[in-house]
Every structure is written in structure tokens, then in C-alpha cells.
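All heavy atoms count here, side chains included; hydrogens, waters and symmetry mates do not.
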2 protein chains.
Amino acid sequence: MTISTRKERQKEELKAKILQTAKELFMEHGYEATSIRNIAERIEYSPTTIYLYFKDKDDIFYALHREGFVLLNQYFRPLSHVANPFERLKAISKAYITFAIENGELYDLMFILQSPMDALKKDKSDKKDDPDWEEGNRAFAFLVNTIEECIAMGSFKGMNAEILAFTTWSMVHGVCSLEIRNRCSVISELNQKDLAQRACEMINEILDRSHNYTPS
Amino acid sequence: MTISTRKERQKEELKAKILQTAKELFMEHGYEATSIRNIAERIEYSPTTIYLYFKDKDDIFYALHREGFVLLNQYFRPLSHVANPFERLKAISKAYITFAIENGELYDLMFILQSPMDALKKDKSDKKDDPDWEEGNRAFAFLVNTIEECIAMGSFKGMNAEILAFTTWSMVHGVCSLEIRNRCSVISELNQKDLAQRACEMINEILDRSHNYTPS
DNA sequence: ATGATTTACTTAACGGTGTTAAGTTACTAT
DNA sequence: ATAGTAACTTAACACCGTTAAGTAAATCAT
């Protein structure tokens with residue numbers, strides 16, 4: 001028994017090593033420039049070995065995808081102590097953009113690249129209630145709950161919490177993705193990250209005005 | 001003279017034909033699945049011929065990029081007749097998302113793909129005042145001008161027009177890019193395009209509340 | 001203990017990609 | 001007529017993701 005569990009462990013170790021190496025290369029050079037052959041070379045195995053542990057390239061990046069959400073939740077965790085739900089909402093949007101700027105390639109993988117979504121489509125038909133998606137659901141649920149609390153306090157009168165959560169996410173994602181995919185430099189002379197920061201502050205300002213709003 | 005002008009014309013015709021074929025294939029199958037060899041095969045030339053007309057693959061897609069902005073401006077054109085600047089702003093955001101949904105692949109090229117930005121980086125150092133970028137500038141200027149008119153009318157008190165324009169663009173881009181890159185289906189049971197539409201309406205609602213806002 | 005089977009991995013190959021160096025043809029100018 | 005140029009092609013390089021077939025060692029069954 002102990003000998004077969006050792007083998008089991010070694011298999012898992014190799015799988016983890018492939019994943020970690022993929023992550024390193026991906027962080028260094030991005031998705032396009034990371035090849036199965038590169039990964040194989042760095043871990044000193046033949047490229048085909050990787051296919052014994054992962055279905056295909058998308059499958060590897062789908063696994064990294066999950067790690068991204070774990071990290072994002074770490075950025076969110078301290079914010080659960082912010083008592084005022086509206087302050088918490090603004091803190092979430094700030095933490096989100098900080099995460100995006102500090103982990104550009106990972107953000108790209110999680111929210112821009114098609115690849116991990118393709119992997120999801122291939123063998124998972126359930127989508128939402130898949131255990132790999134748990135961390136993603138947790139992150140989004142935190143946002144939805146915060147907005148529900150805002151509404152319970154009388155903010156955002158007449159708005160649907162889930163739609164507003166998606167909309168808020170869209171707004172900050174818009175800033176982050178334009179920054180990551182280099183669309184900021186083209187329209188403004190400002191430093192790119194400054195522009196992103198100022199846009200994010202403005203989103204908070206707009207949310208502020210919107211949540212305080214009382215029809216006249 | 002007339003014989004050499006004919007040759008000149010034929011060269012331009014072939015260049016246009018390459019571009020049009022690239023566009024067709026790109027619209028049908030997306031960026032990744034469109035290869036130089038595919039294009040060459042369809043126009044019945046050898047793949048290397050394409051390199052006599054375009055520097056590389058990015059260069060081809062950068063050219064299509066420009067056409068995308070021409071089309072976007074066509075969506076915007078009728079809106080210049082909307083007299084009320086705030087109504088015009090909301091109409092712009094609606095037209096933008098309609099453009100994105102009706103021309104998904106083109107939108108992807110213009111605002112998501114890295115490729116055309118790489119082409120821009122390669123041989124253009126001026127960036128903003130490059131003639132190829134004229135149509136893009138026109139589209140953004142239309143948004144900035146509209147917001148400036150809003151501010152002149154007393155809306156969005158205390159906000160910077162350019163930053164607000166960028167922020168507004170970010171907000172609608174966020175919705176469009178999440179939809180195009182398949183991140184909607186994961187978080188909601190709603191039909192993807194419905195979700196995008198509702199998010200866009202909510203952005204207009206938020207802008208509405210924000211522009212009506214008077215500090216209490 | 002020995003033969004059969006399974007496990008873990010590799011070699012070699014397929015069909016594709018973007019790109020370039022060298023070669024070919026046909027037209028043009030002297 | 002000949003040298004030169006313009007337009008295009010052939011062949012190749014160095015990659016890519018992926019798979020079929022093969023190998024060597026460990027394990028299992030008799």
C-alpha cells in the first residue's frame with residue numbers, strides 16, 4: 001500500500017510541477033509565447049508526457065485560471081471587515097483594479113483570454129456548479145452580497161442586485177482590460193496606470209452619486 | 001506613363017484584395033484561425049506574395065482595424081443630430097454596444113486583440129497623430145465633445161471631460177468585452193445578450209443619476 | 001520464479017503556423 | 001540585344017499542438 005501511495009504522490013507532484021512551470025513561463029512571456037515544448041524542456045520531460053497529465057493546452061490554462069481566483073479572493077478577504085456596505089463596494093472596486101495591475105498576465109487569463117473558456121466548454125456541461133469554479137463564484141457572490149446590503153440600506157433604489165453587480169464588475173473590468181490590452185496610451189497623453197486609476201476613482205464617484213440619488 | 005499607372009493601380013487592387021480576403025476569413029473564423037496561407041490560397045497567390053504588400057500578419061490586421069473605426073463612426077453619425085447632449089451620450093453608449101454585438105470579431109480586433117497594437121508599436125512612434133488613427137480619434141472626440149457639452153449644461157459637476165469620456169468608454173467596453181469573451185454565461189443564467197443589454201441600460205441609468213446629482 | 005500485463009515515459013511523425021533566402025520569369029529601359 | 005528591375009514562386013527554417021506507436025521497468029498472476 002505505502003509503495004503505491006508514494007507513486008500516487010509522485011504523480012501528483014509532477015502534475016503540480018507542470019502547472020507551476022506553466023505558470024512561471026506564462027507570467028514571464030504570456031500565453032502565446034508559452035508552449036508545451038517550453039514547459040517540457042524546463043521540467044526535463046518529453047513534451048508528450050504533459051499530455052498524460054493534462055488533456056491539452058487549454059486544460060493547463062484552465063487550471064491556472066482557478067489559482068487566479070484564489071488569489072483574487074485573497075485581495076478581497078480583508079474587505080469583509082468593512083462594515084458599511086457602500087464603503088465595502090468601493091473598496092472592492094479598488095482592490096479589483098489593484099489585483100489587475102499587479103497580476104496583469106493572470107488577469108488576462110481569467111477575464112480576457114478565450115482559452116480557459118474553451119476548456120470549460122469541452123468537458124464541463126454544468127458550468128456554474130463545477131467545483132473548479134467555486135473560487136470564481138465566491139468572488140462574484142461577495143460582490144452581489146455587498147450590493148444586496150447596499151440595497152437593503154436604501155441605496156440604488158429600484159435596481160436589481162445581480163444586474164447591478166454584473167454592471168459594476170463590467171465597469172471596473174473595462175478599465176482593467178483597456179489598460180492591459182494597451183488601449184489607454186492611444187487616447188491620452190497621461191501615464192497609462194494613472195489614467196486607469198483616475199477612471200476607477202471616477203467610477204466610485206459615479207457610484208457614489210448614483211447611490212445617493214433620490215428622484216426629484 | 002499610362003502603362004505604369006495601370007501597374008500602380010493593379011498593385012493597389014491586389015493589396016485591397018488581400019485586405020478584403022483577410023477581412024472575410026477573419027470575420028468567418030476569427031484571428032487565430034486566419035492564416036497567411038489561407039488568405040494566399042483564396043486569392044490564388046503564393047503565401048510569400050502577401051509579404052510584398054504587408055510587413056507581417058499584424059500589419060494586415062492593423063489595416064483592418066482602421067476599417068473598423070470607419071464603420072463605428074457610421075453607427076455614430078446619425079447621433080450628431082440628437083440635440084440634447086445628455087440624450088446623445090446615452091445614444092452613443094447604445095450605438096456602441098449595438099456595434100459590438102453586430103460586429104463581434106471586428107470589435108475584438110479593435111479593442112481586445114494585442115496584434116494591431118503590436119503593429120502600431122513596431123514602426124509608428126508618433127501614435128496619436130498618425131493618419132491611420134484618424135478615424136479612431138474622430139470616434140473618441142465625438143464622445144469627448146458630447147461630454148463637454150453635458151458639462152457646459154451643468155451636468156457632471158466638477159468632473160474632467162476627458163477622464164469621464166475614458167471612464168464612460170471603459171464602462172461600455174467592459175460589458176462588450178465580457179460578452180464577446182464569454183464571461184457572461186458563467187455568472188448568470190440569463191441569456192448572454194440580454195444580460196449585456198440590461199447592463200448597458202443600467203449604465204445609462206447610473207449616468208442619469210450621476211448627471212442629475214446635486215450634492216445635499 | 002516466470003510469463004503476462006500495466007504503468008510511465010519517449011521517439012517519431014503529422015499537419016499546421018509565420019517568415020525569409022534564393023530563384024524564376026517577364027517586362028523595361030538603354 | 002542586353003542589362004536591370006519588378007512581381008512573383010519554390011523551398012526551406014524553426015517553430016507549434018497533438019497523436020500513434022514503441023520501450024523499458026515495475027507489478028501482478030500463476
Side-chain angles (χ1 to χ4, degrees), chain A residues 1-19 21-22 25-26 28-64 109 113-116 118-119 121-123, chain B residues 1-19 21-22 25-26 28-64 109 113-116 118-119 121-123:
Chain A
M1 263 308 159
T2 171
I3 185 162
S4 80
T5 55
R6 190 212 65 208
K7 288 208 157 189
E8 194 86 4
R9 199 184 60 235
Q10 283 180 333
K11 273 195 73 171
E12 271 173 38
E13 277 170 7
L14 184 49
K15 182 162 186 169
K17 196 172 183 181
I18 291 169
L19 218 54
T21 308
L25 288 169
F26 173 74
E28 286 169 30
H29 311 115
Y31 176 75
E32 295 283 285
T34 304
S35 71
I36 302 276
R37 284 172 162 91
N38 291 159
I39 300 167
E41 193 183 19
R42 190 170 282 197
I43 61 172
E44 294 170 297
Y45 279 82
S46 86
T48 48
T49 300
I50 290 170
Y51 287 89
L52 302 172
Y53 294 86
F54 295 94
K55 204 181 142 291
D56 55 25
K57 200 185 174 186
D58 287 351
D59 198 27
I60 299 173
F61 287 95
Y62 183 70
L64 289 182
L109 179 67
L113 285 173
Q114 201 66 257
S115 163
D118 292 345
K121 218 176 240 174
K122 272 171 201 160
D123 38 25
Chain B
M1 262 309 160
T2 172
I3 187 161
S4 81
T5 55
R6 189 212 67 207
K7 288 207 158 189
E8 194 87 5
R9 200 183 59 236
Q10 282 180 333
K11 272 195 72 171
E12 272 172 36
E13 277 169 6
L14 184 50
K15 182 161 184 167
K17 196 172 184 183
I18 292 168
L19 218 54
T21 308
L25 288 169
F26 173 74
E28 286 169 31
H29 312 114
Y31 176 75
E32 294 283 285
T34 305
S35 71
I36 303 275
R37 284 174 164 89
N38 291 158
I39 299 167
E41 193 183 20
R42 191 172 281 197
I43 61 172
E44 294 169 297
Y45 279 83
S46 87
T48 48
T49 300
I50 290 171
Y51 287 88
L52 301 171
Y53 294 85
F54 295 93
K55 205 182 141 291
D56 54 25
K57 200 185 174 186
D58 287 351
D59 198 28
I60 298 174
F61 287 95
Y62 182 71
L64 288 181
L109 180 68
L113 284 174
Q114 200 67 254
S115 165
D118 292 346
K121 217 174 240 174
K122 273 171 201 160
D123 37 25

Here the distance between atom C1' of C:dA8 and atom CZ of A:Arg9, to the nearest Å, is 17 Å

In whole angstroms, the gap separating P of C:dG18 from NZ of B:Lys57 amounts to 5 Å

Taken to the nearest whole Å, CG/A:Asp59 to C1'/D:dT18 is 14 Å

A:Ile36 CD1 to C:dT17 P, in whole Å, measures 19 Å

Atom CD1 of A:Ile50 and atom C1' of D:dT18 are separated, to the nearest Å, by 12 Å

Task: Salt-bridge criterion met for A:Glu13 and A:Arg9 (N-O under 4.0 Å) - done: yes

Under 6.0 Å between ring centres, would you say that holds for B:Tyr62 and B:Phe54? no

Residue set satisfying side-chain contact (heavy atoms from CB on, under 4.5 Å) with A:Lys11, at least two apart, ordered chain then number -> A:Tyr53

When we call it a touch if two heavy atoms are under 4.0 Å apart, what does A:Asn38 touch: a base, just sugar-phosphate, or nothing?
sugar-phosphate

Side-chain contact check for A:Ser35: nearest option of D:dC16, D:dT18, C:dG18 is D:dC16

Letter by letter from the 5' end, nucleotides 4-14 of chain D scores (B base, S sugar-phosphate only, - none; protein heavy atoms under 4.0 Å) ---SBBBBB--

Whole-Å distance, B:Glu32 CD to D:dG17 P, equals 11 Å

By side-chain contact (heavy atoms from CB on, under 4.5 Å), B:Ser46 pairs with (sequence neighbours left out) B:Thr48, B:Thr49

(Q) Would you say that more than 12 heavy atoms from the other residues, nucleotides or ligands in this model lie under 6.0 Å from the CD of B:Gln10, or not? (A) yes

Rounded to whole Å, the CD-P distance (A:Glu41 to D:dG17) equals 13 Å

- Query: Is the CD atom of A:Glu41 crowded by more than 12 outside heavy atoms at less than 6.0 Å?
  - Reply: no

From OH of A:Tyr51 across to C1' of D:dC16 the rounded distance in Å is 9 Å

